Amino acid sequence: MKGRGLAHYPVSVQGAGLRQERGRILGRRFFARDVHQVARDLIGATLLYKGAGGHIVEVEAYHHTDPAAHSYGGRTERNAVMFGPPGHAYVYRSYGIHWCLNFVCEEEGSASAVLIRALEPTQGLAAMRRRRRLKDERLLCSGPGRLCQSLGITRAHNGLALDEPPFQVFARTSRMDIVTGPRIGISKAAERPWRYGLKGSPFLSRPFRASG
DNA sequence: TGCCCGATTAACT
DNA sequence: GTTAATCGGGCAA
């Protein structure tokens, strides 16, 4: 069955979530690696902003050699943070409405980043529900715009280091079952399977086709 | 300056 | 399945 959104996932999957897990703090060294490796390793990691957030279950990789990346056409005022050192937040306005959060990777000038697309909420649920005016936990952080709204992330956070307050990123503590597929909402280089997700998670922004 | 369009979402049919 | 909402970046003129 196809279905968009989350409704087709069995409710029982919720009990198989990642609650409780939280490893070491991830800093610049973690992000200063190949963007695809970082993307994979971020699945199951914990992202907190002022104590609210949860486990990362879906990301996408972007690289400056990639026509779909903001950095593809060279450095501009908007994407300047992408060209800076790894381990920093790149936040941009999407469709004139939403904010989207990226983690800068590789090395200075590489202009690669991982888009954070979905979290399994675990911390600060009440604050997130208040900001989203929503009760359904599944819809709290299931999308790049949604999670920024839940956490309260805006342009003001563009360029902030990820290993300093108000951000905290913790490593995962166990092996993850990772699936891949085409990235969402792009027209260029749409065939590249640079979207990574936690297999079977009910908190994905959209399901992955089959497995891969 | 003006115009087009997008790494989205929610509310529709 | 479709579309409106909404606005800043990037580029042409």
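In this text, all values refer to a predicted model and were calculated from it rather than measured experimentally.
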Among the nucleotides [options], which one has an atom lying closest to any side-chain atom of [X]?
{"X": "A:Arg155", "options": "B:dT9, C:dG10, C:dG9", "result": "C:dG9"}
{"X": "A:Thr76", "options": "C:dT6, C:dG10, B:dA10", "result": "C:dG10"}
{"X": "A:Ile97", "options": "B:dG6, B:dT8, B:dA10", "result": "B:dT8"}

Between [X] ([atom1]) and [N] ([atom2]), how many Å, whole number?
{"X": "A:Arg146", "N": "B:dA11", "atom1": "CZ", "atom2": "C1'", "result": "12 Å"}
{"X": "A:Arg78", "N": "C:dG8", "atom1": "CZ", "atom2": "C1'", "result": "8 Å"}
{"X": "A:Ile184", "N": "B:dG6", "atom1": "CD1", "atom2": "P", "result": "16 Å"}
{"X": "A:Glu77", "N": "C:dG9", "atom1": "CD", "atom2": "C1'", "result": "10 Å"}
{"X": "A:His70", "N": "C:dC11", "atom1": "NE2", "atom2": "P", "result": "13 Å"}
{"X": "A:Arg138", "N": "B:dA10", "atom1": "CZ", "atom2": "C1'", "result": "18 Å"}
{"X": "A:Leu134", "N": "B:dT9", "atom1": "CG", "atom2": "C1'", "result": "12 Å"}
{"X": "A:His98", "N": "B:dA10", "atom1": "NE2", "atom2": "P", "result": "7 Å"}

Please say which of A:Leu42, A:Val38, A:Leu115 ends up in a side-chain contact (heavy atoms from CB on, under 4.5 Å) with A:Phe103. A:Leu42

For B:dA7, is there a stacking contact with A:Tyr92, counting only centres under 5.5 Å and planes under 30°? no

Using atom C1' of each nucleotide, how far apart are B:dA7 and C:dG1 to the nearest Å? 23 Å

A:Arg131-A:Gln149 side chain donor-acceptor pair, cut-off 3.5 Å: no

Return whichever of A:Asn79 or A:Arg93 has its heavy-atom-nearest nucleotide of DNA chain C closer to the 5' end. A:Arg93

So what does A:Arg195 hit on the nucleic acid, given a heavy-atom distance under 4.0 Å: a base, only sugar-phosphate, or nothing? nothing

Mind checking if A:Leu115 touches a base, just sugar-phosphate, or nothing, with heavy atoms under 4.0 Å? base

Do A:His63 and A:Arg192 make a side-chain contact, defined as non-hydrogen atoms from C-beta onward lying under 4.5 Å apart? no

Grab the two heavy atoms, one from A:Gly53 and one from A:Met128, that are nearest each other, plus how far apart they are. O-CE, 3.7 Å

Answer for the Watson-Crick or wobble partner of B:dA10, both distances under 3.5 Å, is C:dT3

Is there a donor-acceptor contact under 3.5 Å from the side chain of A:His64 to the main chain of A:Ser110? yes

